[in-house]
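Okay, so here's the structure we're looking at.
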Protein chains: 2
Amino acid sequence: MDSKLLKDFYNRGDQIFLPHISVDCVIFGFHEDQLKVLLLKWRDGPWCLPGGFVKHDESVDDSAIRILQERTGLDNIYLQQFHTFGDPKREKGKKLPDTKSWINKRFISIGYYALVEFSKVNPQPDILSNECRWWDIDKVPALIYDHKLIMDKALESLRLDLNDHPVGYNLLPEKFTMPELQRLYETILDDELDRRNFQKRMLAIGILERLKERKTGGAHKAPFLYRFDKKKYARALKQGLKLGW
Amino acid sequence: MDSKLLKDFYNRGDQIFLPHISVDCVIFGFHEDQLKVLLLKWRDGPWCLPGGFVKHDESVDDSAIRILQERTGLDNIYLQQFHTFGDPKREKGKKLPDTKSWINKRFISIGYYALVEFSKVNPQPDILSNECRWWDIDKVPALIYDHKLIMDKALESLRLDLNDHPVGYNLLPEKFTMPELQRLYETILDDELDRRNFQKRMLAIGILERLKERKTGGAHKAPFLYRFDKKKYARALKQGLKLGW
DNA sequence: ATACTATTGTGTGTTTTTTACACATTGAAA
DNA sequence: TTTCAATGTGTAAAAAACACACAATAGTAT
């Protein structure tokens, strides 16, 4: 990354972006039975959440969409605003190279979480970072500022969302097995569920379609593959699901 | 209201407050079987939600607390941040007297809703308004900007909050009857509930205490008075209620 | 005073949902 | 071919939600 761009960003960012306002994204993925988050690493610095700023004539939602696009390469991401963090001390210890810059002022950050299909993501560092990769949710390293707090709040919101959104639709690949879906729920809820009752409940919602295929390759009996029935899914969502976990 | 204060507010507000950021509060109350919101009327203008701005070194939560205090005279209010509104066109039609002022810029607004005990509130207009009063939730007049949208979103959030918070505790006076509590739930949920099953369910939560007194005055059989048992209430809240409406 | 009315207090049986648990099946590995 | 560990399916018990009936009573009308 050349330093001209970076210098421009420090010096003229306030001509492009609203002051004092930032957007932070908690990007969730699911892979190999693990819930994961996408993190960035500052040049020679700590890890942090992917974030950005709001252009003067851009909606905050669009900012989040843009940031997501830049970090993952994906469009059409499932995105939820979950909380705004407004403590003046939330960036305690902030020290960026250019101390005069707009970027060293206090920021109020609007938090979004995103659900993405792990395999489709192509992680891209941003202008301030040189590394971008997935971390298991229970193994994330120390994060900058209050980003751990933001992540925890995102997870809590995701947990609540489980009550009226079949989040598997956004986190899993098109075809998946019942045990995979269950593991996803167990990770988010941080609890164990009975295999048979879980299956009954999921099928009772009536938005899953069982395929003829089975998932082979793993040891032991091969489980069936399922996929979301888009029509039934849309219909159910419109009527408002009541999952109740 | 003298115009010197107002002029100062227009001219020097940006020295006190963060630019582009506002806070709007949806204040809910309950009286005579009606859910109500507290609204302000602009001088010779439309009605709007009570709002304000964030001081440079103040947390956003504290701004909301301060605004609430100024409008209602109350401390220790139950307050929930529920959404941040960031559309650049959200203040369509904005035209305030001083067109050069910081206040005519785009604002991103952080929404809070508050639950208050109706009888304890002493409504106070703010610097921009000359009237402040309660409106029945289903009779609110046309509101400025996107304030109707904000109110609706607050109501939706309150409805969700019903699932893990006994909101009656914050909206009702210390002593209340079971029918009153039921009417509160029915208004928020916009649905009718069976009297007997409702009572069973509320009592099953185990945070209500039935008093010896009855509420007299109304026609017909006098209902018992109840009150929240603070110890059991705190205990239950810590464990996380699962009400499920 | 008395009867009336609308509302409260309480209980019971039915239906539905949730929970707990057992056994046969099967793909891969030993 | 046997073994292992995980999957597929069903059933009974417990709990929660739902529907509904009848007695009691504070004011109101007569």
Side-chain angles (χ1 to χ4, degrees), chain A residues 32-34 162-164 166 168 172 175-187 189-227 236 239-245, chain B residues 32-34 159 162-164 166 168 172-173 175-187 189-227 236 239-245:
Chain A
E32 289 177 344
D33 287 348
Q34 278 290 333
L162 225 46
N163 289 318
D164 30 36
L172 294 174
K175 298 174 185 177
F176 53 90
T177 68
M178 196 56 78
E180 281 168 354
L181 185 61
Q182 181 176 345
R183 227 94 4 98
L184 171 58
Y185 274 73
E186 289 179 331
T187 327
L189 293 169
D190 193 25
D191 199 5
E192 294 194 359
L193 303 170
D194 181 274
R195 188 168 59 85
R196 296 149 285 191
N197 295 331
F198 177 81
Q199 164 150 341
K200 257 179 292 183
R201 231 167 127 174
M202 288 309 295
L203 294 179
I205 300 171
I207 58 175
L208 289 184
E209 178 189 2
R210 189 169 91 176
L211 307 177
K212 294 241 159 53
E213 316 166 61
R214 289 161 179 267
K215 168 142 188 170
T216 60
H220 319 304
K221 186 171 183 177
F224 281 106
L225 286 167
Y226 290 81
R227 107 179 119 202
Q239 294 184 354
L241 296 188
K242 269 242 186 170
L243 290 321
W245 303 92
Chain B
E32 288 177 347
D33 288 348
Q34 279 289 335
R159 200 166 286 156
L162 224 47
N163 289 317
D164 31 35
L172 294 173
K175 299 174 185 179
F176 53 90
T177 68
M178 196 56 76
E180 282 169 352
L181 185 61
Q182 181 177 344
R183 227 92 9 96
L184 171 59
Y185 273 73
E186 288 179 331
T187 328
L189 293 169
D190 193 25
D191 199 4
E192 294 194 357
L193 303 170
D194 182 275
R195 187 169 62 83
R196 296 150 283 191
N197 296 331
F198 177 81
Q199 164 149 341
K200 256 179 290 184
R201 233 167 125 175
M202 289 308 296
L203 294 179
I205 300 171
I207 58 174
L208 289 183
E209 177 189 3
R210 189 168 92 176
L211 307 177
K212 295 242 159 53
E213 316 166 59
R214 289 160 180 267
K215 169 142 187 168
T216 60
H220 318 305
K221 185 170 183 177
F224 281 105
L225 286 167
Y226 290 81
R227 108 179 118 200
Q239 295 185 353
L241 296 190
K242 269 242 186 172
L243 290 322
W245 305 95

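Below, read A as the first sequence line, B as the second, and so on, with proteins coming before strands; counting in each chain starts at 1.
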B/K215 NZ to D/dA26 P, straight-line distance once rounded to whole Å: 16 Å
Which residues share a ring-ring contact (aromatic ring centres under 6.0 Å, His included) with A/F176, sequence neighbours left out: A/F228
Distance, rounded to the nearest Å, where A/L203 contributes CG and D/dG10 contributes C1': 14 Å
Residue met sooner reading DNA chain C from 5', once B/T177 and A/T216 are mapped to nucleotides: B/T177
Identify the pairs formed between an N or O of the protein and an N or O of nucleotides 11-14 of chain D at a distance under 3.5 Å, and give each distance.
unit_1, atom_1, unit_2, atom_2, d
D/dT11, O4, A/K200, NZ, 2.8

Between P of D/dC18 and CG of B/L193, the distance in whole Å: 10 Å
Position toward the 5' end of DNA chain D (nearest nucleotide), A/R210 or B/R196: A/R210
Listed once per pair and sorted, the salt bridge (charged side-chain N to carboxylate O under 4.0 Å, His left out) pairs that draw on residues 200-210 of chain B, sequence neighbours left out: B/E209-B/R227
Interatomic distance, B/D194 CG vs D/dC20 C1' [rounded to whole Å]: 8 Å
Nucleic acid contacts of residues 218-227 of chain B, taken as heavy-atom distances under 4.0 Å to DNA chain C: B/H220, B/K221, B/P223, B/F224
Heavy-atom contact window of chain A on DNA chain C, given 5' to 3' at under 4.0 Å: C/dT19 to C/dA28
Residues which pass side-chain hydrogen bond (donor to acceptor under 3.5 Å, both in side chains) with A/K221, listed by chain and number, not counting sequence neighbours: none
Heavy-atom pair of closest approach, residues A/M202 and A/Y185: CE-OH, 4.0 Å
base_contact_polar (D/dG8 base, A/R214 side chain, donor-acceptor, <3.5 Å): no
